[in-house]
Structures are given as C-alpha cells and as structure tokens.
Protein chains: 2
Amino acid sequence: MSYEAITAKVRSGGPGASFDQMTHGLNASAKTRVTALLQRNARRYPAGSNIILEGDESDPFFLVLDGWVALNKSLEDGHVQTIDIILPADVIMPSAEGVSAFDVHALTDVTVCAVPMQELDKLEAADPPHMWTSIRALSAAAKARIAERMLRLGQGSAEMRIAYFLTELYLRVSACNDNQDMVFHLPMTQQQIGEFVGLSSVHVCRTLRRLSRNGLIDTSDHLKTVINDFDSIANIAQIDINQLKAEILPSDC
Amino acid sequence: MSYEAITAKVRSGGPGASFDQMTHGLNASAKTRVTALLQRNARRYPAGSNIILEGDESDPFFLVLDGWVALNKSLEDGHVQTIDIILPADVIMPSAEGVSAFDVHALTDVTVCAVPMQELDKLEAADPPHMWTSIRALSAAAKARIAERMLRLGQGSAEMRIAYFLTELYLRVSACNDNQDMVFHLPMTQQQIGEFVGLSSVHVCRTLRRLSRNGLIDTSDHLKTVINDFDSIANIAQIDINQLKAEILPSDC
DNA sequence: CGGCCATTTGAACGCGCTCAAGCGCGGTGG
DNA sequence: CCACCGCGCTTGAGCGCGTTCAAATGGCCG
C-alpha cells in the first residue's frame with residue numbers, strides 16, 4: 001500500500017490540502033498564480049531517495065507538497081543524524097550560498113517544489129508582506145523545534161527523547177486536524193527514528209516496547225501509532241503542551 | 001581583570017570594531033545613522049546575569065556589541081542545554097511571537113542592543129537589501145552551526161564534541177583576525193562547556209586534560225586556550241576546515 | 001514457499017555519569 | 001601579611017544507561 005493511501009485513511013483532508021494551507025491568506029488571483037507556480041515546479045521522488053546531497057548546489061528554497069522529508073548530516077564513520085523532519089506544507093531551506101548543509105532525504109514518496117530565487121522575488125513583488133511573514137513564521141517554528149529537540153538530545157534520557165519525538169510529530173501531523181483520536185502514521189523505521197533522536201535502533205526498539213508494555217502507546221499495528229496516555233507521555237517528555245504548540249507550530253493554521 | 005581587558009590582549013581590534021563590522025557595506029550616512037541607533041539602544045549586563053528568560057516577552061531582535069552570550073534551555077530537573085553561543089557582531093533572535101524560546105544568558109559582561117521591530121523597519125526603508133541580506137546570512141550561519149553541533153551531539157564521542165567545540169569557537173573568534181597563532185580566550189567554565197556540548201563538567205575536564213596531556217592543546221594559562229595541533233583536533237572533530245568555515249561564518253568578513 | 005528487511009531479544013562491554021574528596025587560586029577581612 | 005573562604009578544576013571509584021554484536025522472530029512481497 002502506498003504512503004498516500006495509508007495517510008489518506010488517517011489524515012483528514014485529501015490531496016490538495018497542502019495547496020490550500022500554503023496559499024492560505026492570499027487573495028484569489030494570487031492564490032491561483034502561486035498554485036500554478038507550485039504545480040509547474042513540482043517534482044516527485046521515491047521513498048529512500050536523496051533529493052539533495054550535502055554540499056550539492058541547490059535552490060535556496062523548497063516547498064514540500066506531500067510526503068515526509070528528513071534533513072540528514074553524517075560523519076565519516078557512517079553515523080547519521082537527522083537535524084529536522086519536514087512535513088507537507090512546510091519549507092526546506094538548505095541554507096544560503098547555494099550549497100546545501102545537509103542531505104535532503106525522502107522518508108516516503110515525496111512531492112517537492114523547488115522555488116528558484118527569481119521566482120521567489122516575483123512572488124514577493126506580488127504579495128510581499130504575506131510571503132515573508134509566512135516564511136519567517138515557518139523558520140521560527142523550525143528553530144524552536146530544533147532547539148527543543150537539542151535540549152533533550154543533550155540532556156534527556158532515551159525515554160524522554162522518544163516521548164518527545166512521538167509528541168512532536170503527533171502535534172505536527174495533526175496540527176490542522178480537529179479530531180482528537182491521538183492516532184497517526186509514522187513512516188519511519190526504528191533505525192530512522194534512532195538517527196533522529198540520537199539512539200541506536202536497538203535501543204529505540206527497547207524503549208518503544210517498554211512504553212508499549214506499560215500501556216502508554218500502541219504500536220501493534222505499525223501503520224498506526226496510537227498514544228493511549230498522552231499526559232504520561234508529555235510528562236516523560238517534560239513537555240508543557242500548550243507552550244510547545246505555540247512554539248513549534250506555525251501560527252496560521 | 002575584566003573580560004574586555006583580557007580579550008583586548010588576545011584579539012586584534014579594540015572597542016568599536018563591532019560597529020565597523022556591523023555597518024560594513026553601508027554608505028557613510030547610513031553608517032552614522034545605524035551606529036547612532038545602536039549606541040542609543042545599547043544596554044550592559046554583568047557576567048552571569050540573564051538578559052531574557054525563556055517565555056518572557058522580548059524584542060524580536062538583538063545585536064551583541066560586546067561579550068559572549070549563551071542561549072539556554074532547561075529541563076525541570078535542572079539540566080541545562082546551551083543551544084548556541086553568540087559572539088559580538090552577531091545577532092540574537094529569540095524567536096517570533098514576541099516570546100523568547102530560551103534564556104539569554106551573559107557568559108561575560110555584555111553589551112547588547114535591543115532593536116524594536118519599528119526601528120528595524122526604518123532601517124530597512126533606509127537600506128533594504130543590505131539589512132536583510134546581512135540578517136539572512138547571519139541566521140543561515142547560525143543554522144549551519146547548530147546543525148553541525150547537533151550531528152556531534154547525537155552521534156559523536158565526548159572527544160569529538162570537545163574538539164569540535166574548540167574548533168568552532170576558535171574559527172568564530174578569529175574569523176576577522178589575520179594572525180594565525182591559534183590562541184584565544186574561552187570565557188566559560190567547564191560546567192558551561194558541558195552544558196554546550198552535552199557532557200558533565202567532570203567529563204569535560206577529563207577530556208580536556210587528555211587532549212592537553214597528548215599535546216594537542218594547552219590550557220595551563222586559563223586566560224588563553226592554545227591549539228597546538230590543529231590538524232589532529234580537526235581530525236578528531238571530523239571537520240573539513242574549509243567547508244566548515246564557508247558554512248558557519250557569515251560571508252562578509 | 002523462499003527471500004528480504006525490520007523488529008525483537010539476549011549478552012556483554014564500555015563510555016560517560018554521579019558522588020565524593022582534594023587541590024589551586026583569587027578575593028576578602030582580620 | 002596571612003588566614004580564611006569560595007569557586008572552579010582535578011582525580012578516583014563505582015555504577016548504570018545505551019552500545020555493539022549476534023541470533024531469532026515476524027511480516028510482506030515476489
């Protein structure tokens with residue numbers, strides 16, 4: 001079963017929802033123009049492929065239309081660290097100077113839209129305040145996410161990191177959802193989760209199983225991750241949910 | 001001895017160098033105007049004090065004129081993680097929404113300049129391309145720095161983290177220097193270094209001593225940190241120096 | 001049914017932590 | 001001037017969390 005087919009079951013809002021989110025706030029004519037631009041520059045990548053490699057030349061700016069993307073850095077010994085995970089309607093900025101600071105890796109089948117700088121300038125000319133406000137909000141949210149994760153990467157236990165990971169991604173996946181069922185799909189192997197939270201895949205497994213055995217989560221159906229006891233998870237992760245929501249989710253949603 | 005007195009010995013360029021760096025690229029009239037703005041809004045904080053607390057309301061934008069600043073996040077159990085260290089001529093963006101995502105902590109006596117949003121807009125009106133270009137370069141460098149550090153925080157050994165820490169700060173401190181003597185001042189306790197690299201102060205001590213015993217560095221005069229064998233340090237840190245320089249240093253320098 | 005990949009579990013090791021005591025140095029007050 | 005104090009650095013001992021290595025199990029697809 002494809003990733004889209006799976007998430008279609010779990011998420012509300014079908015294909016096209018990303019476009020709505022991204023053009024949200026624009027007037028009608030700008031909206032059609034931007035949507036056209038996005039569709040024109042859209043490209044597909046299969047799960048497991050690299051969209052950009054660290055050190056490659058790249059456009060400064062990508063929009064993720066669909067699928068999950070990991071931003072990876074790696075050491076010579078082969079160890080990989082995922083710096084951030086990018087979800088649909090979010091933005092990838094591989095950094096200035098035209099050279100990417102990390103691998104951009106497709107966790108699932110992915111549709112992204114490379115936005116060349118001159119196109120961006122055109123958009124800005126069309127609707128300057130909205131465009132940059134929106135970008136600034138997205139990148140502030142990304143910074144906050146990374147800081148929060150870094151805190152736990154440096155100071156937290158394995159359990160705390162996993163609990164935080166589950167909470168963060170649940171919040172982000174269901175940010176624009178109104179249903180409260182605490183069920184979502186994590187299209188990542190335990191290896192990839194480990195690369196994200198700084199643990200070996202073996203210990204990710206052990207930690208998830210412990211949470212599962214204690215009834216806090218349910219991973220028996222590995223297409224759906226269920227958080228049974230959100231308060232306990234948030235407590236283990238040392239999260240103040242409302243504060244975290246305000247910080248890591250772009251406000252307009 | 002004050003921090004300024006110490007660094008005056010080590011660094012080239014006296015007081016006022018920060019102003020020059022920050023207004024670099026502006027025309028003469030803009031330069032005087034910006035310098036005046038900076039001096040008008042400048043505030044001093046003693047070493048050890050907090051400039052902003054996590055969750056506080058704050059201006060969106062600070063310029064560090066002098067001294068070292070740590071951006072800290074902490075867990076309830078008291079563990080602290082330093083997300084980034086800000087040096088003179090660099091910028092603090094405590095994040096959008098007017099609420100700071102972290103403590104802003106003075107590692108030394110510090111002079112910062114809070115720039116309210118409306119002032120920023122005025123500056124932008126005066127010289128729009130320069131201002132935002134410069135800010136974007138600074139924040140791209142900050143992102144790259146944090147990613148590079150996060151890689152080692154999640155995947156590297158204690159030795160690698162310490163070696164990377166030394167290299168990063170040496171590069172940044174001496175970025176605008178032409179002398180190549182590999183001597184600089186680190187105004188941080190081992191406790192604070194530990195909070196930055198995710199190690200206990202005890203282990204920071206052990207690791208520094210080991211590097212020192214092997215002749216790679218010299219910390220006997222704790223006002224000056226000396227890197228004796230830069231290649232070995234860079235090798236331990238798994239750094240490609242030229243690539244790192246390009247990534248983490250704002251280009252105009 | 002067989003092959004492949006992800007997950008699970010066990011065993012043993014070791015890195016980095018905690019706790020605790022000793023040392024060195026600068027500042028302060030008698 | 002020296003005694004004292006406090007803070008940061010140093011070093012030792014012992015422990016525990018998370019790692020590595022290895023093997024078994026499970027699930028999906030050809």
Side-chain angles (χ1 to χ4, degrees), chain A residues 1-3 5-6 46-48 75 77-81 107-108 152-165 185-214 217-225 236, chain B residues 1-3 5-6 46-48 75 77-81 107-108 152-165 185-214 217-225 236:
Chain A
M1 189 169 11
S2 75
Y3 169 69
I6 294 166
L75 296 168
D77 62 17
H79 280 89
V80 174
Q81 177 68 40
L107 290 171
T108 65
R152 284 157 184 92
L153 193 58
Q155 308 296 332
S157 63
E159 207 171 33
M160 190 189 296
R161 296 186 212 175
I162 294 287
Y164 178 79
F165 161 73
H185 176 57
L186 270 181
M188 301 171 71
T189 65
Q190 295 181 345
Q191 173 74 34
Q192 289 165 334
I193 296 174
E195 290 167 357
F196 192 42
V197 301
L199 295 172
S200 68
S201 62
V202 174
H203 208 63
V204 169
C205 176
R206 282 191 222 281
T207 309
L208 283 173
R209 300 252 68 223
R210 189 172 345 130
L211 293 175
S212 182
R213 227 179 296 118
N214 295 345
I217 61 173
D218 187 345
T219 57
S220 56
D221 179 350
H222 69 292
L223 297 182
K224 296 182 303 189
T225 301
I236 292 173
Chain B
M1 191 170 8
S2 75
Y3 169 69
I6 294 166
L75 296 168
D77 61 18
H79 281 91
V80 174
Q81 177 68 38
L107 290 171
T108 66
R152 286 158 183 91
L153 194 58
Q155 308 296 332
S157 64
E159 209 171 32
M160 188 188 298
R161 296 186 213 176
I162 294 287
Y164 178 79
F165 161 73
H185 176 56
L186 270 181
M188 301 172 69
T189 66
Q190 295 182 344
Q191 172 74 35
Q192 289 164 335
I193 295 174
E195 290 168 357
F196 191 42
V197 300
L199 297 171
S200 68
S201 62
V202 174
H203 208 64
V204 169
C205 175
R206 281 191 223 280
T207 309
L208 282 174
R209 300 253 69 224
R210 188 172 346 129
L211 293 175
S212 183
R213 228 179 295 120
N214 295 345
I217 61 172
D218 186 348
T219 56
S220 55
D221 180 350
H222 68 293
L223 296 182
K224 295 182 303 190
T225 301
I236 292 173

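Convention: sequence-line order gives letters A, B, ...; per-chain numbering from 1. All figures in this text were calculated on a predicted structure; none of them were measured in a lab.
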Rounded off to whole Å, could you give me the [atom1]-to-[atom2] distance for the [X] and [N] pair?
X        : N      : atom1 : atom2 : value
B:Gln190 : C:dG16 : CD    : P     : 16 Å
A:Gln192 : C:dA6  : CD    : P     : 8 Å
A:Glu159 : D:dG16 : CD    : P     : 17 Å
B:Ile193 : D:dG8  : CD1   : P     : 13 Å
A:His79  : D:dT19 : NE2   : P     : 9 Å
A:Gln155 : C:dC17 : CD    : C1'   : 12 Å
A:Arg161 : D:dC17 : CZ    : P     : 13 Å
B:Glu195 : D:dG8  : CD    : C1'   : 14 Å

Q) Got B:Leu186 and B:Phe165 here, is their nearest side-chain heavy-atom distance under 4.5 Å? A)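 Result yes, sub-4.5 Å side-chain heavy-atom pair found.
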How long is the gap from [atom1] on [X] to [atom2] on [Y], to the nearest 0.5 Å?
X        : Y        : atom1 : atom2 : answer
A:Leu211 : A:Arg206 : CG    : CZ    : 14.0 Å
A:Thr225 : A:Ile217 : OG1   : CD1   : 7.0 Å
A:Gln191 : A:Cys205 : CD    : SG    : 12.0 Å
A:Ile162 : A:Ile193 : CD1   : CD1   : 6.0 Å

Taking all non-hydrogen atoms of both residues, which atom of [X] and which atom of [Y] are closest, and how far apart?
X        : Y        : result
A:Val204 : A:Gly194 : CG2-CA, 3.5 Å
A:Met160 : A:Ile236 : CG-O, 3.3 Å
B:Leu199 : B:Ala158 : CD1-CB, 3.7 Å
A:Arg152 : A:Arg161 : O-NE, 3.4 Å

Q: Strictly below 4.0 Å, heavy-atom distances to any atom of DNA chain C: list the hits from residues 197-205 of chain B, or just say none.
A: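 Of all residues in residues 197-205 of chain B, the ones placing a heavy atom under 4.0 Å from DNA chain C are B:Gly198, B:Leu199, B:Ser200, B:Val202, B:His203.
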Q) Does anything in residues 206-213 of chain A reach DNA chain D, meaning a heavy atom under 4.0 Å, and if so which residues? A)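 Hits under 4.0 Å, by residue number: A:Arg206.
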Q) Side chain of B:Gln155, backbone of A:Gly198: donor and acceptor closer than 3.5 Å? A)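 No, the answer is negative, given that no donor and acceptor are paired below the 3.5 Å cut-off.
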Q. Distance-only, no hydrogens or angles: does the A:Thr207 side chain make a donor-acceptor pair with backbone N or O of A:His203 under 3.5 Å?
A.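 Such a contact is found between A:Thr207 side chain and A:His203 backbone.
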Q.
Please report the end-to-end axis angle for the helix from C:dC1-D:dG30 to C:dG30-D:dC1, five pairs per end, rounded to 10 degrees.
A.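 About 30° separates the two local helix axes.
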